[in-house]
Amino acid sequence: MDFKNSDTVTGPRAEDHLPHTAQSAVKVVIVGGFGVGKTTMVGSVSEIRPLTTEETMTQAGVGVDDNYGSDTKTATTVAMDFGRISITDQLVLYLFGTPGQERFWFLWNGLFEGALGAVVLLDTRRLEVSFDVIGRLEERGVPFVVAVNDFPDAPRYSIDDMRSALDLTDEVPIVRCDARRRASSRDVLMTLMRFLHSIAMTSAPA
Amino acid sequence: MTPPKRQRRSPEAVPPEPSEPAGEQGEGSQPERLYIITGQGDDDGARASIDLVTLIVARAEPPPTTPPEQSAVIGLCTAPLSVAELSAYLDLPFSVMSVLLTELLAAELVQARAPIVRSALPDRSLLEAVMHGLQKL
Ligand SMILES: Nc1nc2c(ncn2[C@@H]2O[C@H](COP(=O)(O)OP(=O)(O)OP(=O)(O)O)[C@@H](O)[C@H]2O)c(=O)[nH]1
Ligand SMILES: [Mg+2]
């Protein structure tokens, strides 16, 4: 293992330090296919420059498209971008962007555990990528909202058509967004929080 | 324009995985978790309690005998820092970070502040706090 020498480690900038009062963190996961805007969304709302944490997987779990004809085991590194929003002096929210394709699900084990909920970023040019993700979130009991990025060249479906295509009940919010805009990404997170809040209201004991 | 439609996966309707190259994995389609983990951190109980968003804070100056990688961790978390951030700054995968932190916790050189996790009954006041915080963005 080549650890970075402590002299070469660049830590957080002074303005990126959390206050000592920071007691606990919560996390939200942004999941979607390649190029759908995960990094953009994390970056547009994060108070720190988005960071990357990496995990290594061996070829067996990677799938055939990354195999360049070698029969030696190749390790592939999967990067997860994340950002941070300080909520109060005590509470911090972390946002993780993670690829949705099934072969990356090994990343999900520690990631979705304990997450408040998820945002499924939808690319209408490749809706199918999201099908498995949504199924998996349902199986895991992770509450989620769907955010549709408006790419100029993407087919534009009505919310109703998308709801029916994704086979989602009326409760699950589906919103359009522009991940490049902070206010728009913030609104998506707000939609998720309101949705979670409504779940809390309905499941609260009388 | 009509989009393609999702098929719900019912247990008996799961199609065979056509994309899976035959013979690679004996035990079905579940992707294997194959991290390369160095070090001895073998007590899963302690490691399982470390999350990507556990906040780590240094408790003490590293004693002179502290290995360099552990000193680097302590040096970074003089103020609270999440495991994810540590992993990013140190360029180490989460799995390796967990091992390091398990050792540092055992040596009482760092303190861990556990995350608030989603529970069966979500905490309304927590969600309200988050909404309030987002509003200020
Ligand atoms: N029009 C439009 N473009 C967007 C939006 N979000 C992202 N983009 C653009 O789409 C491209 C891909 O965005 P990324 O944020 O890198 O996507 P990603 O999901 O992180 O991609 P990978 O990590 O490569 O899978 C970039 O050029 C963005 O500027 C959006 O909401 N609207
Ligand atoms: Mg990205």
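Each chain gets a letter, A, B and so on, in the order the sequences are listed, and its residues count up from 1. Computation of the quantities below employed the complete heavy-atom set of this structure, encompassing side-chain atoms and omitting hydrogens, waters and symmetry-equivalent molecules. Keep in mind it's a predicted model, so treat the numbers as computed, not measured.
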Kindly compute the distance separating CG (Leu55(B)) from CD (Gln90(A)), expressed to the nearest 0.5 Å. 12.0 Å

Side chain proximity check, Leu189(A) to Leu137(B), heavy atoms < 4.5 angstrom: no

Which one, Val26(A), Thr21(A), Asp16(A), leads in non-hydrogen pairs under 4.5 Å with chain B? Val26(A)

Looking at NE2 of His17(A) and CD of Glu85(B), how far apart are the two atoms once the value is rounded to the nearest 0.5 Å? 10.5 Å

State, with a plain yes or no, whether a side-chain heavy atom of Asp51(B) is found less than 4.5 Å away from one of Lys27(A). yes

Under 4.5 Å from any heavy atom of chain B, what part of Leu18(A) do you find: side chain, backbone, both or neither? both

Tell me whether the count of non-hydrogen atoms from other residues, nucleotides or ligands lying under 6.0 Å of CD in Glu61(B) goes above 12. no

What option among Val130(B), Val57(B), Leu76(B) has the most heavy-atom pairs under 4.5 Å with chain A? Val130(B)

Kindly compute the distance separating CD (Glu128(B)) from CE (Met193(A)), expressed to the nearest 0.5 Å. 12.5 Å

Is Val92(A) close to Ser82(B) at the side-chain level, that is, under 4.5 Å between some pair of heavy atoms? no

Only pairs of heavy atoms separated by less than 4.5 Å count here; which of Thr88(A), Val142(A), Leu111(A) has the most with chain B? Val142(A)

What heavy-atom pair brings Pro4(B) and Tyr157(A) nearest, and what distance separates the two atoms? CD-OH, 4.2 Å

Quick one: what part of Leu93(A) sits under 4.5 Å from any heavy atom of chain B, side chain, backbone, both or neither? side chain

Using non-hydrogen atoms and a 4.5 Å limit, figure out which bit of Ala114(B) sits close to chain A: side chain, backbone, both or neither. backbone

Honestly, the part of Ser164(A) sitting under 4.5 Å from a heavy atom of chain B is both

Region of Phe112(A) in contact with chain B, defined by heavy-atom distances below 4.5 Å: backbone

Apply side-chain contact (heavy atoms from CB on, under 4.5 Å) to the pair Tyr94(A) and Leu52(B), showing each step before the final yes or no. CA-CA 9 Å; Tyr94(A) 284 92; Leu52(B) 276 166; over 6 Å; no

Could you tell me which portion of Pro19(A) (side chain, backbone, both or neither) has an atom closer than 4.5 angstrom to a non-hydrogen atom of chain B? backbone

Below 4.5 Å from any heavy atom of chain B, which atoms of Arg84(A) appear? Answer side chain, backbone, both or neither. side chain

Please report the closest heavy-atom contact between His20(A) and Ala79(B), naming both atoms and the distance. CE1-CA, 3.8 Å

Quick check: do Glu55(A) and Phe94(B) have side-chain heavy atoms less than 4.5 Å from each other? yes

Test your reading of the model: is there a side-chain donor-acceptor pair from Arg113(B) to the backbone of Ser24(A), 3.5 Å cut-off? no

Distance col, row Arg124(B):CZ vs Ile199(A):CD1, nearest 0.5 angstrom, shows 12.5 Å

One should read off an interatomic distance between Glu128(A) CD and Gln7(B) CD, to the nearest 0.5 angstrom, of 12.0 Å

State the CE-CZ distance between Met131(B) and Arg194(A), to the nearest 0.5 angstrom. 7.5 Å

Identify the residues of residues 41-51 of chain A whose heavy atoms come closer than 4.5 Å to a heavy atom of chain B, ordered by number, or report 'none'. Val45(A), Ile48(A), Leu51(A)

Given heavy-atom pairs under 4.5 angstrom as the criterion, report whether the side chain, backbone, both or neither of Thr53(A) touches chain B. both

Sort Leu134(B) into side chain, backbone, both or neither according to what part of it lies under 4.5 angstrom from a heavy atom of chain A. both

Proximity breakdown for Thr54(B) and chain A, heavy-atom pairs closer than 4.5 Å: neither

Chain A interface, residue from Pro115(B), Pro3(B), Gly75(B) that has the most non-hydrogen pairs under 4.5 Å: Pro3(B)

Residues passing the side chain to side chain contact (heavy atoms under 4.5 Å, CB included) test with Arg156(A), sequence neighbours excluded, are Asp150(A), Arg176(A)

Checking Leu127(A), Leu168(A), Asp132(A) against Arg6(B) for side chain to side chain contact (heavy atoms under 4.5 Å, CB included), the one that qualifies is Leu168(A)

